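Every value quoted in this text rests on a predicted model; they were computed, and no experiment measured them. Proteins come first, then strands; the chains are lettered A, B, ... in the order of their sequence lines, and each starts at number 1. These numbers come from the heavy atoms of this one structure, side chains and all, not from hydrogens, waters or symmetry mates.
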Protein chains: 2
Amino acid sequence: MARQATAAGAASKRSKAGATAASDPVKRDQILAAATRVFLASGYGGTSMDAIAEAAGVSKQTVYSHFGGKDALFGAIVRKKCGQLLEPLRMPPQTPRSPGGDPQTVLSGVAQRFLELILAAENMAHYRAVVAESRRFPELAEAFYRSGPEIVVDNLARYLKTMDREGVLAVAEPKPAARLFFAMLRGDLYIRRLLGLGPAPAQADMRRAVRQVVRVFLAAHAAGKSQRG
Amino acid sequence: MARQATAAGAASKRSKAGATAASDPVKRDQILAAATRVFLASGYGGTSMDAIAEAAGVSKQTVYSHFGGKDALFGAIVRKKCGQLLEPLRMPPQTPRSPGGDPQTVLSGVAQRFLELILAAENMAHYRAVVAESRRFPELAEAFYRSGPEIVVDNLARYLKTMDREGVLAVAEPKPAARLFFAMLRGDLYIRRLLGLGPAPAQADMRRAVRQVVRVFLAAHAAGKSQRG
DNA sequence: GTCTATAAAAGGATAGAC
DNA sequence: GTCTATCCTTTTATAGAC
């Protein structure tokens, strides 16, 4: 567990405040990267600390020095990936105003980027691991939900609210509508990949899915209607 | 117990040809039931054969006699649950013709039953296990897909095709439309339960979700439109 | 701070009595 | 056919040299 306590009369190690056990950031990143690869490839139960140490090119003891144990290491890699989840979506300058373009264009862009994101192999593996261990690590499941699904819904809901106010779309309940929009994108392509069935979908498949979703969504929320969802 | 055997000259057990290893169906069901509980509660990696034997009230050797090993046992319980997946949906007499009622009623019924099905705790755990081990057991993932998602889509697509032909709905591509319908139902309620967040959804939540999905779906496929999805 | 070597425990699978 | 007892590998975690 690495504790400095016990005989600490007063500041035994004055240099570099924290870092009681290990501090080399290079080794730490090596371990983190290797652990990510192995954990996401084989799952929590299927991964041994030996495998991680070997993949990282360090000794097992070094892994234990940097992270307390298997649970903590798994938590660290899952949390890190949670933090990076939506990075690809922040590429476009994300200006809060001037969304640029008609709703169909905007929604298609959002859908396309979201679909690519959730279909990426690394993110699929991450989701698989979080779901699989959601009982053992409930706090990781919650961190994931808040880092991904919740944020994209909030962002889209804000946009939909604006469109409704401007009379461009009819969206009485922005958040449920946004949730439905993303649910539609987690369709057959997604489930099949999650189960590891068939090859990765072609760009054409993804574009077809995006078109279908946007079409249905817009049909339900055309301006002038008084829909609630 | 207590058998004199050993000295049996000829045809010690002429009765019951097969059954080289084990045959007691009661014990077998005990093991299967216990294994289902433990595997679905703790996952493949988190479950030990000792735990299964104890939960079943038999010795570990008996477990090995009935099923070859851990992998085979896991496969057996997953396959069995795959076969039972859609049983609740077959309750209504499932007459191939005369679906009875307007599309909104029919679709609402389908949606309600499907939502209850996928939100049931046992089915959630089953899905979690299949997804988690889809790398180690690809054939189980495929069996699941064919036992559940594929069948419900085919059934709904057939109905939609009929409605399209009768001019009640406008569904140019029944299967993609059916896939989208069920994707919409795997929405926020579903994801949150899959991640173990919050309590089980109330009936009111489910009905609200069903209403939203059916409303959006019907808006997109109202008769007279020439939608493709 | 990192490595080598080892302790301590758990888990999958099997042998042999009855 | 089922149980008890055991084998042996794997795995988590730690101790001690440098």
Is the centre of the B/Tyr127 ring less than 6.0 Å from the centre of the B/Phe144 ring?
yes

For B/Thr62 and B/Ser59: C-alpha separation, side-chain torsions, deciding distance, then whether side chain to side chain donor-acceptor pair (under 3.5 Å) applies.
CA-CA 5 Å; B/Thr62 302; B/Ser59 78; 3.1 Å; yes

Which residues in residues 44-60 of chain A have a heavy atom closer than 4.0 Å to any atom of DNA chain C?
A/Val58, A/Ser59

For A/Ile31 and C/dG1, give me the distance from atom CD1 to atom P, rounded to whole Å.
13 Å

Whole Å only: how far is the CD atom of B/Gln61 from the P atom of D/dC7?
16 Å

Tell me whether the OP1 or OP2 atom of C/dG1 has a side-chain N or O from A/His66 closer than 4.0 Å.
no

Sub-3.5 Å donor-acceptor pair from the side chain of B/Arg186 to the main-chain atoms of A/Ala183, do we have one?
no

Within the distance-only criterion (no hydrogens, no angle test), does the side chain of B/Gln212 pair as donor or acceptor with the backbone N or O of A/Pro176 below 3.5 angstrom?
yes

Once you build an axis from the first five pairs and another from the last five of the helix from C/dG1-D/dC18 to C/dC18-D/dG1, how far apart in angle are they, to 10 degrees?
10°

Here the distance between atom P of D/dT12 and atom CG of A/Asp71, to the nearest Å, is 10 Å

Specify the separation, in whole Å, of atom CZ of A/Phe67 and atom P of D/dA13.
14 Å

Just the rounded figure in Å: distance from P of D/dT2 to CZ of B/Arg28.
12 Å

I'd like to know if the side chain of A/Lys27 and the backbone of A/His66 have a donor-acceptor N/O pair within less than 3.5 Å.
no

Contact under 4.0 Å: B/Thr62 side-chain N or O vs D/dC3 OP1/OP2
yes

Nucleotide D/dT12, atom P - distance to CZ of A/Phe74 in whole Å
13 Å

Can you tell whether the side chains of B/Arg136 and B/Glu133 come within less than 4.0 Å, N to carboxylate O?
yes

Hey, mind stepping through B/Lys175 and B/Asp154 against salt bridge (charged side-chain N to carboxylate O under 4.0 Å, His left out) and telling me if it holds?
CA-CA 7 Å; B/Lys175 273 183 96 152; B/Asp154 286 347; 3.2 Å; yes

Atom pair OG (A/Ser108) and CG (A/Leu115), whose distance is rounded to the nearest 0.5 Å
12.0 Å

Salt-bridged, B/Lys81 to B/Glu122, with N to O below 4.0 Å?
yes

Once you round it to whole Å, what is the distance between C1' of D/dT2 and CG of B/Asp24?
10 Å

